[in-house]
J.: 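Let me give you the structure first, and then I'll get to my questions.
Computed over heavy atoms, backbone and side chain alike; hydrogens, waters and symmetry mates excluded. All residue numbers in this chain count up from 1 along the given sequence.
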Amino acid sequence: MMESGVPLCSTCGEPVGFSSNGEVFVACHECNYPLCKPCFEDELKEGRGSCLRCGASYLVHDTTEDADHQELRKRVTMASHLQDSKDNGVHARNESSLSVAESEANSESGNPIWKNRVESWKEKKNKKSAAKKAKKEEQIPVEQQMEGKESLDDGQPLSIIVPLSPNKLTPYRAVIIMRLIILGLFFHYRITNPVDSAYALWLTSVICEIWFAVSWVLDQFPKWSPIMRETFIDRLSARYEKGEFCGLAPVDFFVSTVDPLKEPPLITANTVLSILSADYPVEKISCYVSDDGSAMLTFETLAETAEFARKWVPFCKKYAIEPRAPEFYFSQKIDYLKDKIQPSFVKERRAMKRDYEEYKVRINALVAKAQKTPDEGWTMQDGTSWPGNNPRDHPGMIQVFLGNSGAHDIEGNELPRLVYVSREKRPGYQHHKKAGAMNALVRVSAVLTNAPYILNLDCDHYVNNSKAVREAMCFMMDPQVGREVCYIQFPQRFDGIDRSDRYANRNTVFFDVNMKGLDGIQGPVYVGTGCVFNRQALYGYGPPSLPALPKASFCSWCCSCCCCCRSKKAPKDEKEVYRDSKRDDLNAAIFNLREIDNYDEYERSMLISQLSFEKTFGLSSVFIESTLMEYGGVAESANPSTLIKEAIHVISCGYEEKTEWGKEIGWIYGSVTEDILTGFKMHCRGWRSIYCMPLRPAFKGSAPINLSDRLHQVLRWALGSVEIFLSRHCPLWYGYGGGRLKWLQRLSYINTIVYPFTSLPLIAYCSLPAICLLTGKFIIPTLSNIASVWFLGLFISIILTSVLELRWSGVGIEEWWRNEQFWVIGGVSAHLFAVFQGFLKMLAGIDTNFTVTSKAADDGEFADLYIVKWTTLLIPPTTLIVVNLVGVVAGFSDALNSGYEAWGPLFGKVFFALWVILHLYPFLKGLMGRQNRTPTIVVLWSVLLASVFSLLWVKIDPFLSKTDSAVAQNCNSIDC
């Protein structure tokens, strides 16, 4: 129970407690900001000596606690050495080929390289602290004159959680519980009432229904506590943008592309332009473009884009236009004069549109030129051969287009940095596709700019909301929220999708329902694009709340790593052993960065040496130094030419060998859906993620809208889930030791890896109606009154769950129905093939690819929607449609021959078959293409199947008994 009159701590929510003299503990005497003593000490340990609300320095006022605070000050002094490494690391550039043997040989006295760096950090920290102190003293009179409102704003949160109304959430939860109870009663009836005349069909249906129920539980309960969030960008600006000083954190943007002939360069260029013109300080933005195909076309496109950006960026910022991707801005069908009061806007807009059309002509000319590769390969303007002529065997390439000296726009303002990166590739090395390219960008950006936050985008996802980065910073830079956050995930929104969204390309149910539910647990899953990362989380560090290893265990850890130390480990008590085992089970790459704060400079240098940072991060001392800078930044003594050489080194194809890249740090390897795996590892370490949904969509992209391409996209996602299921990172058994992954979060991850296996019971269940209609049997016995109640209750609970879910989420009924339809279409096609392909790949090493061939095309709006590409994935759903249609015809024929008593049993069977046909209707519509333009292959197959079935019908005549058949054969006369 909380004592009366004692305020609660603003950080942990516990009572602030009392000082030793009996008075309520007060951390800040200026504004009485409520902070308990443990949190106050944590603030001092981490080097923050000023109040979070008013900025005044903390004063140690309790004389009885001088001894404790003296000890605390000593620890703060030791922690300051590392803090300087976070802000002002020194480049003592040494050869990065230091071997492990040399590192171990220096273990007794500490690695001299690291020891020198620690001394350098200490010296620079003292200088920086003195400079900051002097600057702060100069600013005191100004701060005293500031209005009380500004100081009050500094203590206000930058974001808040908006819980759902109990009027919406309580009935929703009640219906979920009711549906769970009804499911139990339903299965009790189904299992205790078998159908003896069709036992095999009954058993198959029960097994399928049990699997569907388990899948529903895995999908439903992670949506138990959905939340929404609201950000305050104005508070962010008021707190971190005061006058000329800008305290906003730098952000490195990552854009990945592979083949410019499949990923149009103009779309990639629009993405880059939208990044360069974002509403964020230009000195805080760096854009890295990864060209994993080493295409000269991409390189030349970026060169043209850098030149056009000198005109485009100032135009966007002058008139605050949205979106800031020119292709999509100029194609908007809206009144562009709305809210634009400057008389010069119309003139400048016309001139800018003309400049953009000329820019498009140049880009399209480059694309036309690249259609045919010269026999001798591409050559650059200076006559030298393009290093990336062989995309599988070329050196690493880096080109800084913008951001260096003299990179200004036409108005003389500085431009953000733009860097082209193509990592080295050689035969015989595993390059790990997109995940490997992203890890290369992580290392390059750490060497060149080292921003504490990373935002990654696919090449076809442009910045639709220029304030998107500020939205993310409202979480990352909030001291009460951002310390535990590994990434901010934005929803995916798409352009160019047909009005009815025939194949559920928008994924509205997932992004507007499931992700809101996960945000109420431990955070949304990472979906591969539109995500802002905390760089420290990518390095495998744990969150600040991760329990630090006790200092006593330092010696035993060093002894276990050091070859020279032969002494036995120091004995540990049970508490220490338990804590160490928890940490080991987390499989973290290294440790919590703040653990080093407990050691002096000698112990710290020895710790860094013994932990073998080279084995974890690779042989680059410059990069390793950057990993210790929690708040980013490049060393003041950095030489640009040296940094470029080091950046080339860290993207070499052999750099990741015998390191933890792709295993514990960076993007994780082992699946084509590296995004799910990477986010899962972070959540297992105790981090949480946040779902940010601004009113104006942050990013927009393109999606395949024709049937075949959509199915192949779903196939790739499902294959990645099967690969994770068969790996050591399977959520069914991975990450239990630390206890940091919440159970509902684990259920959601289990659902993401087992959903492809639903294809097996789904395709069996969709075949049952046709089999029942053709055989005259059914999977359900004659219903009693109580059984009818259970069936009716189940249907009502299913409908109510969906209606209440749509009510709190705001999703439309048409979007929900499209999602249900494509769940069946994808389940009986792409998911089925993914299961078999995944087992063949993971168990037998056979990599199966399905070819896609274009058979018909149309011109006009949404032309891709009507393209029919025949692929193997189309066979199972086509078969199900034909079989169920045949079953319906056969069922009605049998009822007509048997009389009125056959119509009752027929109703249930036909309803079952129509359920399948309605769910597969978008597939049937896509298979037909445009109206009156059905592909010839579909017509031929339809005629063939109809002819075969008609002949079988006449020959077999399955609805006549043997006796009737014999009578019919003997009755040939007209008098019979």
Side-chain angles (χ1 to χ4, degrees), residues 254-269 271-272 287-306 363-401 418-445 456-460 528-529 644 647-657 661-662 666-667 669 671-672 674 712-713 716 847 849-852:
F254 292 174
V255 179
S256 57
T257 182
V258 180
D259 188 352
L261 298 181
K262 294 181 180 179
E263 300 166 335
L266 189 62
I267 299 300
T268 304
T271 300
V272 172
C287 178
Y288 293 84
V289 180
S290 170
D291 177 18
D292 223 29
S294 66
M296 188 173 173
L297 174 58
T298 304
F299 181 86
E300 292 179 331
T301 299
L302 285 184
E304 291 286 350
T305 302
I363 297 298
N364 291 332
L366 293 175
V367 174
K369 177 184 174 183
Q371 296 299 318
K372 185 177 181 180
T373 305
D375 295 335
E376 65 278 6
W378 299 106
T379 57
M380 295 185 288
Q381 291 182 354
D382 59 359
T384 59
S385 178
W386 171 247
N389 277 323
N390 187 347
R392 298 183 180 180
D393 187 4
H394 65 86
M397 296 177 285
I398 296 177
Q399 175 66 47
V400 181
F401 286 106
L418 175 61
V419 184
Y420 169 87
V421 179
S422 182
R423 57 181 173 144
E424 181 186 18
K425 288 190 175 181
R426 302 295 181 192
Y429 287 90
Q430 181 61 261
H431 300 294
H432 302 289
K433 299 181 179 179
K434 180 182 176 180
M438 299 305 291
N439 284 336
L441 287 184
V442 171
R443 296 191 294 271
V444 168
S445 62
N456 85 290
L457 292 171
D458 288 343
C459 64
D460 60 345
T529 183
I644 291 295
I648 291 291
H649 167 61
V650 298
I651 61 173
S652 58
C653 56
Y655 182 84
E656 294 184 355
E657 287 193 343
W661 284 101
W667 270 257
Y669 304 150
S671 171
V672 295
E674 71 288 331
H712 274 264
Q713 182 189 54
R716 188 179 67 84
D847 194 0
N849 292 317
F850 301 99
T851 59
V852 180

J.: Should the pair Asp292-Lys433 be classified as a salt bridge under the 4.0 Å nitrogen-to-oxygen rule?
T.: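 No salt bridge links Asp292 with Lys433.
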J.: Drop me the distance from Ser385's OG to Met296's CE, to the nearest 0.5 angstrom.
T.: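 Reported value, rounded in 0.5 Å steps: 9.0 Å.
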J.: Check whether any side-chain heavy atom of Phe299 lies under 4.5 Å from a side-chain heavy atom of Asp291, and answer yes or no.
T.: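 When only atoms from C-beta onward are counted, Asp291 and Phe299 do not touch, as no gap falls below 4.5 Å.
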J.: Working to the nearest 0.5 angstrom, can you tell me the gap between Tyr288 OH and Leu441 CG?
T.: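 Going from OH on Tyr288 over to CG on Leu441, the span is 9.0 Å.
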J.: List the atom of Arg423, the atom of Gly436, and the distance in Å for their closest heavy-atom pair.
T.: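 Nearest pair, atom of Arg423 first, then Gly436: NH1-C, 3.4 Å.
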J.: Do Val400 and Ile644 have side chains that get closer than 4.5 Å, going by heavy atoms?
T.: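 Contact flag for Val400/Ile644 side chains = yes.
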J.: Enter the distance from Leu266:CG to Thr305:OG1 here, rounded to the nearest 0.5 Å.
T.: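 So the CG of Leu266 and the OG1 of Thr305 are separated by 8.5 Å.
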J.: Any chance you could lay out the side-chain contact (heavy atoms from CB on, under 4.5 Å) test for Thr268 and Thr298, step after step, and finish with the verdict?
T.: CA-CA 9 Å; Thr268 304; Thr298 304; 5.6 Å; no
J.: Below 6.0 angstrom between ring centroids: does that apply to Tyr429 and Tyr655?
T.: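 Aromatic pair excluded; centres sit 6.0 Å or further apart.
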J.: Are the side chains of Glu674 and Met438 in touch, meaning some heavy atoms are under 4.5 Å apart?
T.: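 Heavy-atom side-chain distance check fails, nothing below 4.5 Å.
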J.: Quick one: closest heavy-atom pair of Ser294 and Met397, and the distance?
T.: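 In terms of heavy atoms, the two residues are closest at CB-CE, 4.0 Å.
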J.: Give me the atom names and distance for the closest heavy-atom approach of Asp393 to Pro427.
T.: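 Looks like CG-CD, 3.7 Å.
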J.: Side-chain contact, heavy-atom cut-off 4.5 Å: Ile651 with Val421?
T.: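 Yes, close enough: below the 4.5 Å cut-off.
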J.: If I compare all heavy atoms of Val444 with all of Ala647, which pair ends up nearest, and what's the gap?
T.: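 For Val444 and Ala647, the tightest heavy-atom pair comes out as CG2-O, 4.0 Å.
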J.: Does atom CZ (Arg426) have a neighbourhood of more than 12 heavy atoms from anything else shown, all under 6.0 Å?
T.: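 More than 12 heavy atoms, drawn from other residues, nucleotides or ligands, come within 6.0 Å of this atom.
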J.: Considering only distance and modelled atom types, tabulate donor-acceptor pairs under 3.5 Å from the side chains of residues 363-380, sequence neighbours left out.
T.:
unit_1 : atom_1 : unit_2 : atom_2 : d
Asn364 : ND2    : Lys360 : O      : 3.2
Gln371 : NE2    : Val367 : O      : 3.1

J.: Does any non-hydrogen side-chain atom of Trp667 lie less than 4.5 Å from one of Val442?
T.: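 They are in side-chain contact.
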J.: Donor-acceptor pair, distance only, cut-off 3.5 Å: does the side chain of Glu263 make one with the backbone of Asp460?
T.: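 The answer is no, because no donor-acceptor pair under 3.5 Å joins these two groups.
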J.: Evaluate the side-chain contact (heavy atoms from CB on, under 4.5 Å) criterion for residues Asp458 and Ser256: first the C-alpha distance (whole Å), next the side-chain angles of each, then the deciding distance (0.1 Å), finally the verdict.
T.: CA-CA 6 Å; Asp458 288 343; Ser256 57; 4.2 Å; yes
J.: Please examine the side chains of His394 and Trp386, heavy atoms only from C-beta on, and report whether any two atoms are closer than 4.5 Å.
T.: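 Trp386 vs His394: side chains apart.
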J.: Taking all non-hydrogen atoms of both residues, which atom of Cys459 and which atom of Val255 are closest, and how far apart?
T.: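 Smallest heavy-atom distance, with atoms named: CA-CG1, 3.8 Å.
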J.: With side-chain hydrogen bond (donor to acceptor under 3.5 Å, both in side chains) as the test, pick out the partner of Glu656 among His431, His432, Arg443, Gln430.
T.: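 Single pass found, and it is Arg443.
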J.: Within the distance-only criterion (no hydrogens, no angle test), does the side chain of Ser652 pair as donor or acceptor with the backbone N or O of Ile648 below 3.5 angstrom?
T.: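 No.
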J.: Check Thr301 against Leu297 and note the closest heavy-atom contact, atom names and distance.
T.: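 Shortest heavy-atom separation between Thr301 and Leu297 comes out as OG1-O, 2.7 Å.
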